[in-house]
Amino acid sequence: MQDNSLYEFNDGLSEDALDEDPQSDSILEGLNESQHEAVSAELRNMLIIAGAGTGKTRVLVSRIAWLIKHYHIAPRNIMAVTFTNKAATEMRERLSLMVGNSVQSSLWANTFHSICLRLLRAYAQYAGLVPGFTILDTDSQVSLVKRLMKDMNIDTKEFKPSDIASNISKQKENGIRALAYSKKVSVKSPDYVKVTDRVYTVYEKVCNQENSVDFSELLLRTVELLENNREIRELQHRRFKEILVDEFQDTNSIQYRFLRLIAGPNSHVLVVGDDDQSIYGWRGADVGNMRKFLEDFSDVKQVLLALNYRSTQKILDVANTIIGFNSDRLMEKVLKGNFGEGDKVKILNCANNKVEAATVTDRIAALHDSGVDYRDISILYRNNYLSLDFEQNLLRKHIPFVIYGGQKFFERAEILDAIAYMRILVNEDDDTALLRIINTPSRKIGPKVVEGLRTIASERNCSLIKAIRLLEAHVNSGNVDKTLSSLYKKISVFYELFKALNEKRQNMSLSAFADEMLRMTGLYKYYQEKDFKDGKDTEEHSRYANLGMLISNIKEFEAAPPAEDDSSEENTSESTTEKEKKTEDPLLTYLSNITLVSTGELNEEGGTSNVADAVNLMTMHASKGLEFKYVFLVGFEKDILPSRLCAYSDKSLAEERRLAYVGVTRAKKALFISYAQVRSMFGKSEPTGASSFLRDLVREYKGKQDVPLMIEAVKGYSFY
DNA sequence: ATGTTCCTTCTTTTT
DNA sequence: GAAGGAACAT
């Protein structure tokens with residue numbers, strides 16, 4: 001630092017230099033012209049269009065550092081919104097490297113969902129929620145919908161509960177409540193709409209009774225909270241002066257509405273996005289929000305980042321060509337790199353999927369032999385199930401690998417059981433959780449008993465736990481009705497357990513309690529026996545072992561609790577903005593945390609960090625935002641990459657092409673694209689062949705000079 | 001109430 | 001080709 005300022009002094013004698021924040025300069029160091037422009041711009045609304053690998057995250061993080069260091073914006077006045085937890089974590093890490101650790105606790109860098117959750121926890125009463133409400137994960141949401149459909153005598157075969165549940169979520173994401181939806185439905189509406197309507201109405205009511213919110217509800221509730229409560233809204237406006245949004249092309253309608261509400265008249269919003277990387281249209285993401293942003297926010301400065309810092313030119317050429325086939329682009333960006341030409345992109349035409357897996361594995365082994373680290377290699381695919389052949393081959397060759405996604409740890413039955421027990425302790429009205437575990441492991445409480453209990457609950461219009469209490473009081477009053485007392489006797493096994501658990505958790509640490517809970521409920525024993533029966537007890541990821549990993553995860557959580565929410569710090573004169581109730585219950589905090597922050601596999605220690613030198617396997621969706629020196633795009637086939645569903649649904653072909661583009665642009669040094677002529681799926685062998693995207697590509701380069709790719713036929717293969 | 005067996009369905013992608 | 005659900009048997 002000393003040397004630096006001396007040098008500057010000699011270099012150009014300007015008075016400004018005397019007052020300059022010496023740390024500000026280092027923020028701008030090494031940025032190119034447009035990056036520099038974006039980072040050091042005055043305080044204002046901005047739209048940054050950033051092509052793949054153009055240093056988007058770097059700009060975002062540097063901008064935040066600049067806001068703090070140069071404009072002296074307090075970290076607590078900054079909100080950075082990301083789309084995934086992975087991105088949020090990465091941003092926090094890079095930020096703490098740049099401006100120090102202390103910033104983390106007061107600066108909100110989180111996903112939309114977790115930001116909304118924080119607001120809802122702080123203002124639960126104003127949002128019509130009871131503090132301590134639980135979050136419904138997808139699995140619970142579907143099981144609730146299914147339960148309601150059965151109650152309403154709707155055929156769950158004709159109408160799949162998961163479809164109805166996702167229809168409901170879709171409505172919420174468009175800000176449409178059950179009542180408003182009903183108004184749109186007419187006699188002429190298709191059946192599934194009518195069913196959705198009927199279920200939605202009841203679903204909304206039951207969620208309120210159970211004091212639980214699903215994922216889209218988190219957003220919708222918050223939007224309504226801000227819309228209906230001026231004081232809370234203005235309090236947020238005063239707090240969040242600078243708002244930054246990553247992956248803006250992925251925002252859906254409710255998220256956009258949230259942004260408009262959370263930003264005050266004097267706040268500034270900076271969004272970063274790439275319309276070419278919009279791959280979440282299927283869940284409501286609307287690229288149109290980028291255009292809307294220009295209209296809805298005043299005086300927006302636009303910056304385009306097109307200089308690529310990731311890939312060799314040949315890889316970029318291929319990427320540009322692929323995306324060039326899309327016609328509905330917001331802005332035509334041609335990525336330019338500065339890492340030299342590089343090798344040609346290799347297209348591996350394989351006889352079948354076994355050959356494909358063997359070839360890829362062999363190339364990985366060869367790369368490793370030539371000094372490449374496994375962690376710099378990744379295998380990307382369209383669908384999760386395509387990973388199987390590669391897993392087997394890598395295993396056989398003793399090549400270490402990590403799979404991201406796939407069956408999620410927190411979606412496994414045994415984990416969901418454990419979580420359901422925790423949920424019922426935190427929020428006893430959570431009937432969905434209770435129904436999951438009242439007879440798991442089995443304690444002779446069958447459908448008859450449950451039905452009896454549910455009858456009482458619906459007569460008294462109360463939750464199942466309360467119904468049990470009523471029943472208990474009734475039986476103890478000596479008013480002995482034979483059927484009721486036998487009902488109570490059957491249920492009391494569970495009720496005693498419930499009381500005992502509640503007792504236990506008062507004076508134990510969270511992890512010790514969780515461990516004890518698994519013992520008391522019998523889940524440990526139950527899954528241990530189940531594993532043994534299925535011959536899975538020796539497996540590394542046996543269900544019993546997973547429960548152990550859950551405990552490790554809780555221990556890790558205890559050791560490093562998430563940043564303390566300081567939203568109550570804002571001291572204003574308004575009397576109605578009640579200070580948030582400190583959510584002291586560690587169990588509640590843990591539950592919220594895992595429901596929202598649970599992507600990715602846990603490692604053996606129950607942690608989420610990934611330090612091992614291993615080949616990375618994941619879907620192309622999951623790869624967004626990441627980069628690897630060597631990338632294998634596999635299963636680049638007809639019916640797989642433009643998904644089969646494109647042919648007979650409104651699935652967007654352009655979005656599939658963007659997905660291919662995302663995959664291609666992950667590669668830094670070398671890219672391999674492979675496909676099989678024959679693929680066995682579900683036991684059957686089916687002819688497949690190259691993706692139409694590959695055909696387009698080859699046609700484009702036909703007869704041209706300097707073609708950036710080459711095709712290699714891999715026919716037979718000597719196995720093992 | 002629970003265990004067995006057969007059946008179907010599912011293979012996008014995520015908070 | 002697995003995993004969960006329904007139908008049937010115990």
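Sequence lines set the chain letters: A, B, ... in the order given, protein chains first and strands last, and positions in each chain run from 1.
- Between Asp250(A) atom CG and dT13(B) atom P the separation is 16 Å, expressed in whole Å.
- Regarding contacts with the backbone of dT2(B), a side-chain N or O of Asn439(A) is found under 4.0 angstrom from either OP1 or OP2.
- Put simply, CG on Asp163(A) is 14 Å from C1' on dT12(B), counting in whole angstrom units.
- The side-chain tip of Arg382(A) does not point at the ring of Phe636(A) from less than 6.0 angstrom away and within 45° of straight on.
- Residue Lys160(A) has a polar side-chain atom (N or O) positioned under 4.0 Å from OP1 or OP2 of dC10(B).
- Taking atom CG on Asp139(A) and atom C1' on dT15(B), their separation rounds to 15 Å, with Å as the unit.
- In this structure, the nucleotide among dA6(C), dT13(B), dA1(B) sitting nearest to the side chain of Lys146(A) is dA6(C).
- Side-chain contact between Leu136(A) and Arg423(A): present, with at least one pair of heavy atoms (C-beta onward) separated by less than 4.5 Å.
- Here Tyr280(A) does not lie in a stacked arrangement on the base of dT13(B), lacking the combination of planes under 30° and ring centres under 5.5 Å apart.
- Rounded to whole angstrom, the span from the CD1 atom of Ile438(A) across to the C1' atom of dA1(B) amounts to 14 Å.
- Rounding to whole angstrom units, CD1 of residue Ile254(A) and P of dT14(B) are separated by 22 Å.
- Closest-nucleotide positions on DNA chain B for Ile445(A) and Phe215(A) were compared, and the one nearer the 5' end corresponds to Ile445(A).
- Backbone-only engagement by Thr84(A) is indicated by non-hydrogen atom pairs under 4.0 Å involving sugar-phosphate atoms exclusively.
- Note: CG (Leu416(A)) to C1' (dG4(C)) measures 14 Å, nearest angstrom.
- Dashed line: the shortest gap from a side-chain N or O of Thr111(A) to OP1 or OP2 of dT15(B) is not under 4.0 Å.
- With hydrogens and angles left out, the side-chain atoms of Glu210(A) and Thr432(A) include a donor and acceptor closer than 3.5 Å.
- Among the nucleotides dT13(B), dT15(B), dA1(B), the one closest to any side-chain atom of His621(A) is dT13(B).
- Distance CD (Gln141(A)) to P (dT15(B)): 15 Å, rounded to an integer number of Å.
- Between Phe159(A) and Tyr192(A), the ring centre distance reaches or exceeds 6.0 Å.
- Atoms CD (Glu158(A)) and C1' (dT9(B)) sit 17 Å apart, rounded to a whole Å.
- Applying the 4.0 Å criterion to OP1 and OP2 of dT13(B), one finds that Asn384(A) has a side-chain N or O inside that range.
- Below 30°, between 30° and 60°, or above 60°: for Phe112(A) and Phe258(A) the angle between ring planes is above 60°, a perpendicular geometry.
- Ranking dT15(B), dA6(C), dT12(B) by closeness to the Lys150(A) side chain, first place goes to dA6(C).
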